[in-house]
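As structure tokens, the structure follows; a few thoughts come after it.
Letters A, B, ... are given to chains in the order of the sequence lines, protein chains preceding strands, and every chain is numbered from 1.
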Amino acid sequence: MSETIRQVLASESPRPSITVCGWVRTRRDSKACSFLELTDGSCFKGLQVVVDASLPCSNLMPSILTGASVQVEGDLIPSPAAGQRWELQAKNVELLGEADASYPLQKKGHTPEFLRTIAHLRPRTNLFGSVFRVRSRMAFAVHRFFQERGFFYAHTPIITSSDCEGAGEMFRVTTQKPGSNAKPEDDFFGRPTYLTVSGQLQGEAFACALGNIYTFGPTFRAENSNTARHAAEFWMIEPEMAFYDLFADMTLAEENVRYLVQAMMTECPDELEFFNKFVDKELVARLQQTLDKPFERISYTEAVDLLLKSGRSFEHPVVWGEGLQTEHERYIAEEHVKGPVTIYNYPKVIKPFYMRQNDDGRTVAAMDLLVPGIGEIIGGSQREERLDLLQAAMKAQDLDEETYRWYVDLRRYGSVPHAGYGMGFERLLMFVTGVSNIRDVIPFARTPGHAPY
RNA sequence: UCCUGAGUAGCUCAGCGGUAGAGCGGGUGGCUGUUAACCACUAGGUCGUAGGUUCGAACCCUACCUCAGGAGCCA
């Protein structure tokens, strides 16, 4: 049975006769021996394998090029040379799978853009191996955060007939043939159905039964968005809490981000060091500051004021009642606050019907958590729990109450104050790794005109 | 979808009207307990696609395709 390189490198003492499998990162030949740098994805570091030229298997060396897969049997000994603590003195090397000179991954000089074109091979690189190990760790940390706080994991549907208003264009789900004129009533579900853009509405039903719940699953948006921060398929974390108001919601969101940053720093030190060195030299400082300093909170109205008083000329004018533009959000997070900031109480005219109306009559209890470099990483709100006000908001936004009957029922029977938010998992990963394009934190990214794998 | 920029060797790029170049990667030889090893030689290109201008186009013009950055939409 072979061991992972992660296990081997953690050894406290030399160990005879172990077996390791992996891919050759590079081979260097010397007079008396060859050096293989072996990685198996189990950790950031590779294992140096030394193959003595006198071994029968050394005649394999010329065919062991970068990318080849091998199984090595040998003794783990302290490395006599600088650069690594342990090395594997090979007794036998078996070539499992050759990689010829056309193997696209070389020892240096690859751009993320090129690696995107070989998404099936890029996890073998330092950068993407690190990203996807971190992705796994962070996903587990998300569950831990909520489970430690007594939240229940709710599986809201992927196929849905309800449009979570304001969340964006939806992908249609149908079994009808292309070009068919069949009515929705004749389709598989007897009504138009879509891939979910949010589990929030169903999440509210579960929060109003189990108390605190969260969802964590794939989400789909058919927007023709071509930016470094948008994907057509992404993973979203959506907690929903009964008896929470907006401020409790914001506090949980802040703790959530901080917990995950802490997890990144304590659980992925090798990857963090690599990202800080090669991807974003400010990363560690920025993450540390996220832990050290409390997040600021600024109301939308205060935000508009400080933008107007900033003396900065923005491309888009700052007007109360209109959405904050990216340049405005960036100014607030990156220059004014210089750290994570939550903006809350937005004008109701720019927000969806389910957000709770404030007493001023013109704002709703909504919040966005912005982080430097990424922008919005969390968007949430306290939900409108008052039946009459919810119905009025639906009417004002021209929504058919019949479609949302079950949702309105939650206000009809034992309605309670409740709140929740959505956190973009990939945006979180961008924040904790410093990787600047969402396509590089998803294994096989889906964006407009692009789903080749 | 809009704006801007870029597509030249397997990869990263130089060349910007007059014989297609370098580094890395590959091959051969040398040297060496090496560390993105090193030295020498060598193979490798419809210069994104299609038109056009010109005696002559990788280079100038037009359209299209692809990618990137910014914007909108949002997580």
Handout entry: Short side-chain N/O contact to B:U12 OP1/OP2 from A:Thr111, under 4.0 Å
Key = yes

Problem - Distance below 4.0 Å between A:Ser102 side-chain N/O and B:G10 OP1 or OP2 - result: no

Practice task
Give the rounded distance in Å between these two atoms: CZ of A:Phe425 and C1' of B:A75.
Solution key: 13 Å

Handout entry: Side-chain ion pair, A:Asp280 and A:Arg286, N-O less than 4.0 Å
Key = yes

Problem - OP1 or OP2 of B:A68 under 4.0 Å from side-chain N/O of A:Arg439 - result: yes

Practice task
Using a cut-off of strictly less than 4.0 Å, decide whether A:Gln325 has a side-chain nitrogen or oxygen near OP1 or OP2 of B:A71.
Solution key: no

Problem - N/O (side chain, A:Ser225) to phosphate O (OP1/OP2, B:G72) under 4.0 Å - result: no

Practice task
Tell me which nucleotide among B:C24, B:G33, B:A68 gets nearest to the side chain of A:Ala81.
Solution key: B:G33

Handout entry: Base-pairing mate for B:G18 - Watson-Crick or G-U, with both contacts under 3.5 Å
Key = B:C55

Handout entry: Touch class at under 4.0 angstrom, heavy-atom based, for A:Thr227 against every strand present
Key = base

Problem - Proximity to the side chain of A:Asn437 - top-ranked nucleotide from B:G69, B:A75, B:U12 - result: B:G69

Exercise for the section: Consider only side-chain N and O atoms of A:Arg297 and A:Thr251, and report whether a donor and an acceptor are under 3.5 Å apart. Expected result: yes

Fill in the blank from the handout: From the candidates B:C11, B:C67, B:U35, the one with an atom nearest any side-chain atom of A:His110 is B:C11

Practice task
Flag as yes if A:Phe35 stacks onto the base of B:G33 (centroids under 5.5 Å, planes under 30°), otherwise no.
Solution key: no

